[in-house]
Amino acid sequence: MKQIPAEYYEMLEQLQAVDFVLVELQLYLDTHPDDLEAIKQFNHYAKERKSLKKAFESQFGPLQQFGNSYSGHPWNWNDPPWPWQV
Amino acid sequence: MWIYEKKLQYPVRVSTCNPTLAKYLIEQYGGADGELSAALRYLNQRYSIPDKVIGLLTDIGTEEFAHLEMIATMIYKLTKDATPEMMKAAGLGDHYSNHDNALFYHNAAGVPWTASYIQAKGDPIADLYEDIAAEEKARATYQWIINLSDDPDLNDGLRFLREREIVHSQRFREAVEILKDEQGKKKFF
Amino acid sequence: MFTHYKSYCPVVSPFDPCKPIPEKVYSTPPNLYIGFQPPNLPQFTPLEALKAGTLWKPFYDPYFNPFEKAKGGLPR
């Protein structure tokens, strides 16, 4: 049986939290396109999610398909765990 | 196009192996007001709505697929390793005889998903009012499932999903206001 | 006091076979009251927001079943 390290859950939750702020701001900005403060906040977290994604992927493999993440060798996209398995 | 990300929107947990709760939850997987209906409804309405609200329909429709994956995860976890006897005792004998422990797009009563659950009238106001109603109905469904569930971890995830319905309804209401607005007239807050 | 839950009392007939529920409660969530969202509403931190299901505090309206409510609901 494969074990998933505690760090996986911690780093994942950090990313989920920042990504959730981005989802909320995205929907807000869809109906409030002129809110400069919200746009600044959006761009701030967009930058933060980049570094969180990079850190997570360096330990647990690619998060996204089709060239939006780099691959290790051998090809590690298909490595478990998948989101519903954790 | 769409890009998949190998993570859930929210950390889903369930406390026990409980196929009975999975039977109720499947309402939000393949039911009329479920997440599949929601995603397909909004993404389909995009093609015949004013440009000002296409982004919103695209983004909420996309988020609904993340919710569909959360529901799938809950059902998967609640039924993973459940024996045929446990499935039968949970009222999932009919499901099991056709699907084993596979997920399928049907509602809690076993009725398969149908496109007639979703509407596309081509009238922006009619469609957005449909969307607002869909969000309120999904919110209510989450309430009834929470009432049926004694699993605190599951309810934590269901509360998240119910809260999202509130925010989506809010945005669709704002979309109506945007389309009502007279050209060039400034909104006041 | 303002609440996001309202109630009504259905008629109780002497011929109703089930034990009457004297008061029925229904949800009236924040989106019914806020109107077009004003700018700069108070926010949760990212981790709080994820747990709450919304970034903005005024939209937070958690739902608990009677069993959970008996235990006081979850701490916020």
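All values below come from the heavy atoms of this structure, side chains included, with hydrogens, waters and symmetry mates left out. Quick note on labels: first sequence line is chain A, next is B, and so on, each numbered from 1.
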With a cut-off of 6.0 Å (strictly less than), are more than 12 heavy atoms of other residues, nucleotides or ligands near [atom1] of [X]?
X	atom1	value
B:Y117	OH	yes
B:K88	NZ	no
C:K24	NZ	no
C:F2	CZ	yes
B:L179	CG	yes

Chain C: which of B:N155, B:L148, B:V167 shares the most heavy-atom pairs with it under 4.5 Å?
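Highest number of heavy-atom pairs under 4.5 Å: B:N155.
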Tell me if a side-chain donor or acceptor on B:R173 pairs with a main-chain N or O of C:F36 at a distance below 3.5 Å.
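Checking the backbone N and O of C:F36 against the side chain of B:R173, no donor-acceptor pair under 3.5 Å is found.
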Can a donor-acceptor pair be found, under 3.5 Å and without considering hydrogens, that links the side chain of C:N65 to the backbone of B:D150?
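No, C:N65 side chain to B:D150 backbone: no donor-acceptor pair under 3.5 Å.
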So C:L50 and B:P11, do their side chains get closer than 4.5 Å, heavy atoms only?
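They are in side-chain contact.
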To the closest 0.5 Å, what do you measure between [atom1] ([X]) and [atom2] ([Y])?
X	Y	atom1	atom2	answer
B:I166	C:Y63	CD1	OH	11.5 Å
C:D61	B:R162	CG	CZ	5.0 Å
B:Q170	C:W56	CD	CH2	9.5 Å
C:K51	B:Y10	NZ	OH	4.0 Å

On a heavy-atom basis, which atom in [X] and which in [Y] lie closest, and how many Å separate them?
X	Y	result
B:R164	C:G53	NH1-O, 2.9 Å
C:P62	B:R159	CB-CD, 4.0 Å
C:G35	B:E174	O-OE2, 4.2 Å
C:P66	B:N147	CD-OD1, 3.9 Å
C:E68	B:I146	OE1-CG2, 3.7 Å

Does a donor on one side chain and an acceptor on the other come within less than 3.5 Å for C:N31 and B:E136?
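Yes.
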